[in-house]
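Notes for the one structure printed next.
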Protein chains: 2
Amino acid sequence: MRIGELAERAGVSPRALRHYEELGLLPARRRANGYRTYGEEDLRAVAEIRALVGLGLSLEETRPFVECLRAGHPSGASCADSIAVYRQKLAEVDASLARLGAVRAELEAQLHAALRERAPVPRCELTLEEP
Amino acid sequence: MRIGELAERAGVSPRALRHYEELGLLPARRRANGYRTYGEEDLRAVAEIRALVGLGLSLEETRPFVECLRAGHPSGASCADSIAVYRQKLAEVDASLARLGAVRAELEAQLHAALRERAPVPRCELTLEEP
DNA sequence: AGTGGCGTTCACGTCGGCGGCAAGGTCTAG
DNA sequence: CTAGACCTTGCCGCCGACGTGAACGCCACT
């Protein structure tokens, strides 16, 4: 399979696949004419990469998963390094959630304060509704 | 007050203040020698910018607030445009929270699945603890 | 032989918010 | 007079994940 077909089947651009190769994530065999050649296992690797990126991992962070796959394991998450990345990412997400939650509360407080300031002493309680 | 003093008092770098000026966020008067000159209202403006950026707004998004302040309003959030930015940001934060929550659940599911795979049929229930 | 549709490498552009450096001007204290 | 502490403009660098375009090669079909 050439790069165009893999790109099509994986739902990414050929440029992205070349980028993965530059990072050493997706090494490609070459034909005599220089064309990259891929197999089904490469499709699986790209699918793994995209799934993980969809979960917020950077390309670098997907490396243990891809290498785990290429090492012959059934799942990219079968290796200790991958598990470690999962744990670390989960912690990061929890931190982000906490921070975002605090930010949300503060935003809401500021918004309500500004609204109170702009609508001093509403004449009727019914006017508290927002458009 | 010159740029160094404002930077010091506002807790930002002079470079950042020049950057704000490039964006038109913080126009500075000039002395005869070309030095930028700031007043107390500029300190308030920078404080507003930093507070909003701390809530996740981009510099562009702080513009309505800063302009509102410069228009003489007591608070940067006193103007309709600022309120709109608050509302929009709140919606974005809510969206991020929802997405992050889903990502967190998926991460946890993947992690647990991988752990189950690596520790098939634990001999004792006590071994479920994690280091 | 030409056309079109693949592929290749190289290298710069994007977005945000500055950091950092160079080359020079300005002011103040000793 | 000079050191040094400030200021100025200008421009490149950074991070990540590619997009985009140039300039070219390869191959199949007509």
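None of these values were measured; they are calculated from a predicted model. We name chains A, B, ... by the order of the sequence lines, and we start the count at 1 in each one.
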**Study point:** Separation of dG7(C) C1' from L6(A) CG (nearest whole Å)
**Key:** 14 Å

Check your understanding: Taking atom C1' of dG25(C) as reference, at what distance in whole Å does atom OH of Y35(B) sit?
Key -> 7 Å

Practice item. Would you check if R63(B) and V66(B) make a side-chain contact, meaning some heavy-atom pair closer than 4.5 Å? Key: no

Review point. Can you check whether E92(A)'s main-chain N or O pairs, donor with acceptor, with S96(A)'s side chain at less than 3.5 Å?
Key: yes

Revision key, fill the gap. Y38(A) OH to dT8(C) P, in whole Å, measures 7 Å

Review point. L57(B) CG to dG17(C) P: how many Å, rounded?
Key: 10 Å

**Study point:** Closest nucleotide among dG17(C), dT8(C), dT8(D) to the H19(B) side chain
**Key:** dG17(C)

Review point. Heavy atoms under 4.0 Å, any strand shown: does R31(B) hit a base, just sugar-phosphate, or nothing?
Key: nothing

**Study point:** Protein-nucleotide distance (I49(A), atom CD1; dG16(D), atom P), rounded to Å
**Key:** 16 Å

Review point. In whole angstrom, what separates M1(B)'s CE from dC6(D)'s P?
Key: 16 Å

Practice item. Answer with yes or no whether the side chains of T37(B) and R29(B) bring together a donor and an acceptor at under 3.5 Å. Key: no

Practice item. Could you tell me whether the phosphate oxygens of dG7(C), OP1 or OP2, come under 4.0 Å of any side-chain nitrogen or oxygen in R36(A)? Key: no

Exercise for review: Please report, rounded to the nearest Å, how far the P atom of dG19(C) is from the CD atom of E22(B).
Suggested key: 12 Å

Practice item. Examine the base of dG17(C) for any acceptor or donor lying under 3.5 Å from a partner atom in the side chain of Y20(B), and report the outcome as yes or no. Key: no

Study note, to complete from the structure: Side-chain atoms of R50(A) come closest, of dT9(C), dT8(D), dC18(D), to dC18(D)

Check your understanding: Would one find a side-chain N or O of R2(A) under 4.0 angstrom from OP1 or OP2 of dC6(C)?
Key -> no

Point to revise | Nearest-Å distance for atom pair CG/P, residues L17(B) and dG17(C) | key: 15 Å

Practice item. Report yes if at least one side-chain N or O of S13(B) is closer than 4.0 Å to OP1 or OP2 of dC18(C); otherwise report no. Key: no

Practice item. Mark yes or no for a side-chain to base donor-acceptor pair under 3.5 Å between R15(A) and dG19(D), with no hydrogen or angle criteria applied. Key: yes

**Study point:** Contact under 4.0 Å: N33(A) side-chain N or O vs dC27(D) OP1/OP2
**Key:** yes

Check your understanding: Mind checking whether R31(B) and R36(B) have side chains closer than 4.5 Å, heavy atoms only?
Key -> no

Check your understanding: Side chain of R9(B), backbone of G4(B): donor and acceptor closer than 3.5 Å?
Key -> no

